[in-house]
Amino acid sequence: MTELNLNNLTSDFPLLNKLMALEEVVWFNPNVTTLEQGLPYVGMDETDIHDASLRLQRFAPYLAKAFPETQLSNGIIESELVDIPTMKTALEAHCQLPIKGRLMMKKDSHLPISGSIKARGGIYEVLTHAEKLAFEAGLLSESDDYSKLLEPEFRDFFKQYSIAVGSTGNLGMSIGIMSAKLGFTVSVHMSADARAWKKNKLREHGVNVVEYEQDYGVAVEQGRKEAEQDPSCFFIDDENSKTLFLGYSVAGERLKQQFEQQQIVVDKAHPLFVYLPCGVGGGPGGIAFGLKMAFGDHVHCLFAEPTHSPCMLLGVHTGLHDEIAVQDLGIDNLTAADGLAVGRASGFVGRAMERLLDGYYTLTDERMYQLLGELNLAEGIKLEPSALAGMPGAIHVEHNSEYLTSLGIDDTTLANSTHLVWATGGGMVPEQEMAAYLAKSSV
Ligand SMILES: *Cc1c(COP(=O)(O)O)cnc(C)c1O
């Protein structure tokens, strides 16, 4: 890593002054391109998404039995798409600005098994690894009914292998619960900000939880080191994993189906704007990739980050990607938003996706708490703070005339648009913990 010259950097990128002042900022990406022009840089395409989708279908009979909560959806881990009209009114009042389009929410917060967006990527990566090991051992083939993985023979087989991951909480939950269920020996390296209830829940599942007093970056590095010393250990690399990314990307075709079922049109005259909370970037990046493949240039994705952890905005805006961390600017990376407390973004995701993302914005923890209370009051939906990061997105989009003009979107088109807030977590937060969250909102 080269020595950063902060003075040069802030004169080249004046927006950084606002980041350092912890102000809420919005940055629309001047270098956004069409899917056709941007796709070659992703290095993956629809064949890869299709492959991931088929793998999840193969595992569905197993998941339906291993996790009864997925029985209704036949072992497919998917979330609801809901309208939030009362919240729209509350948001308009909160920001004192109108929203012309429709406001909807994707409830990954309530995904089965682990109650967060990580039930997509994290679980998919564990399943991919398990399948590979079982194939190599000649214990399983693609045409088998995968519910045979419930048999003790498989648990004994997987017990010889271990899995390790570094996490701020939710990734550890997904990987820990899924790995332990299959029979793997699993260690989750948790950063200081990880909640006690998540650690306890993992221990109940027989997961080895290793705690750190430092942040996510340190937990990941320690996890990586430990795994390197053990050849039977597979380290899940949140920052660089294409497998995780592809697990998330399947959300695109699933959402397209849900839109069709609800007869919501997405086309040039009916654009779709999606607001995704971003930590290291794999979740929102993979989902944005899937959305682009499903809806083409009619979907516009924006990433949302805490003012104290704007790592992806910083990396993409400066073009330095993972060569810069928010701490290099003196930003502390301290936020109540679990999953978003990441100082250095994934270079892989930033470089792959930067041409396909319309913009980035930040918001304060106070605003997340406020919106958390408002959403509960308006819609009776309870989320964890990070999951509210997508909520102000519609306001930013609808009230930036320069951006709308660049897209050729007029008032009529705006009125026909859909704003989708990707709610990323909160479904498993214990009641007491939720009461404490709600108490931080003045609603
Ligand atoms: C992990 C997480 C995110 C962001 O995902 P990344 O892949 O880290 O960018 C957003 N919200 C919640 C609740 C998360 O747990």
Side-chain angles (χ1 to χ4, degrees), residues 22 24 79 84 87 91 105-111 114-122 166-174 190-198 215-216 219 238 248 251 274-288 301-313 326 331-346 349 360-376 381-393 420-430 433-434 436-438 440-441:
L22 305 174
E24 293 187 331
S79 69
I84 45 169
M87 183 60 198
L91 193 58
M105 175 171 274
K106 182 70 175 149
K107 288 173 71 181
D108 274 14
S109 46
H110 292 73
L111 278 172
S114 65
S116 84
I117 187 173
K118 304 295 193 314
R120 296 184 186 277
S167 172
T168 61
N170 287 336
L171 184 65
M173 291 265 285
S174 288
M190 289 280 213
S191 52
D193 50 320
R195 312 278 140 192
W197 69 267
K198 291 183 183 173
D215 78 356
Y216 166 81
D238 196 14
Y248 289 114
V274 183
Y275 310 101
L276 296 144
C278 179
V280 74
I287 288 175
C301 300
L302 284 88
F303 283 8
E305 296 177 297
T307 48
H308 285 251
S309 309
C311 65
M312 188 60 84
L313 198 173
V326 300
I331 301 174
D332 61 12
N333 191 31
L334 293 177
T335 166
D338 282 26
L340 309 188
V342 178
R344 188 184 303 276
S346 160
V349 173
Y360 308 78
Y361 63 85
T362 60
L363 74 172
T364 62
D365 282 17
E366 292 70 35
R367 193 176 303 278
M368 290 184 224
Y369 280 123
Q370 188 63 22
L371 292 166
L372 187 151
E374 285 175 11
L375 181 70
N376 178 50
I381 300 175
K382 292 184 172 67
L383 302 179
E384 58 183 273
S386 38
L388 277 303
M391 197 58 82
L420 180 61
V421 177
W422 210 282
T424 47
M428 291 187 176
V429 174
E433 201 92 6
M434 185 55 72
Y437 285 156
L438 288 167
K440 296 205 174 167
S441 163

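Counting only distance, with no hydrogens or angles, the side chain of Glu24 and the backbone of Thr364 share a donor-acceptor pair below 3.5 Å. Under a 3.5 Å cut-off, the side chain of Glu305 and the backbone N or O of Pro277 do not form any donor-acceptor pair. With hydrogens and angles disregarded, a donor-acceptor distance shorter than 3.5 Å links the side chain of Lys106 to the backbone of Ser79. The backbone N or O of Val342 lies less than 3.5 Å from a partner atom in the side chain of Asn333, making a donor-acceptor pair. The backbone N or O of Ala341 sits nowhere less than 3.5 Å from a side-chain atom of Ser309 that would complete a donor-acceptor pair.
Two residues are said to be in side-chain contact when any heavy atoms from C-beta on lie closer than 4.5 Å; Pro385 and Tyr437 meet this criterion. Between Tyr275 and Leu420 the shortest side-chain heavy-atom distance does not fall below 4.5 Å.
Ring pair Tyr360/Phe303 is perpendicular by interplanar angle, where above 60° counts as perpendicular and below 30° as parallel.
Applying the ring-ring contact (aromatic ring centres under 6.0 Å, His included) criterion to Tyr361, with sequence neighbours excluded, gives His396. For Lys382, there are no salt bridge (Lys or Arg N to Asp or Glu O under 4.0 Å) partners two or more places apart in sequence or in a different chain. Not counting sequence neighbours, the partners of Asp338 by the salt bridge (Lys or Arg N to Asp or Glu O under 4.0 Å) test are Arg195, Lys198. A search for salt bridge (Lys or Arg N to Asp or Glu O under 4.0 Å) contacts involving Glu433 returns nothing, not counting sequence neighbours. For His308, the side-chain hydrogen bond (donor to acceptor under 3.5 Å, both in side chains) test picks out Asp332, with sequence neighbours left out. For Tyr248, there are no side-chain hydrogen bond (donor to acceptor under 3.5 Å, both in side chains) partners two or more places apart in sequence or in a different chain.
Between Asp238 and Val280, the shortest heavy-atom contact is OD2-CG1, 3.4 Å. The two atoms that bring Ala423 and Leu383 nearest to each other are CB-CD1, 3.8 Å, heavy atoms only.
When Ser116, Ser114, Ser167 are each tested for a side chain to side chain donor-acceptor pair (under 3.5 Å) with Ser174, only one passes: Ser114.
Taken to the nearest 0.5 Å, the OG1 atom of Thr424 stands 9.0 Å off from the CG atom of Leu276. For the atom pair CE of Met391 and CD of Glu374, the computed distance is 9.0 Å after rounding to the nearest 0.5 Å. Taking CD1 of Ile381 as the reference point, atom NE2 of His110 lies at 7.5 Å (rounded to 0.5 Å). Atom CG of Leu340 and atom OG1 of Thr362 lie 12.0 Å apart (nearest 0.5 Å). Distance check: Asp108 CG to Lys118 NZ gives 10.5 Å after rounding to the nearest 0.5 Å. Considering OG of Ser109 and CG of Leu375, their distance stands at 9.0 Å, rounded to 0.5 Å.
For the residue pair Thr335 / Asp365, a side-chain donor-acceptor distance below 3.5 Å is found, with atom types taken as modelled.
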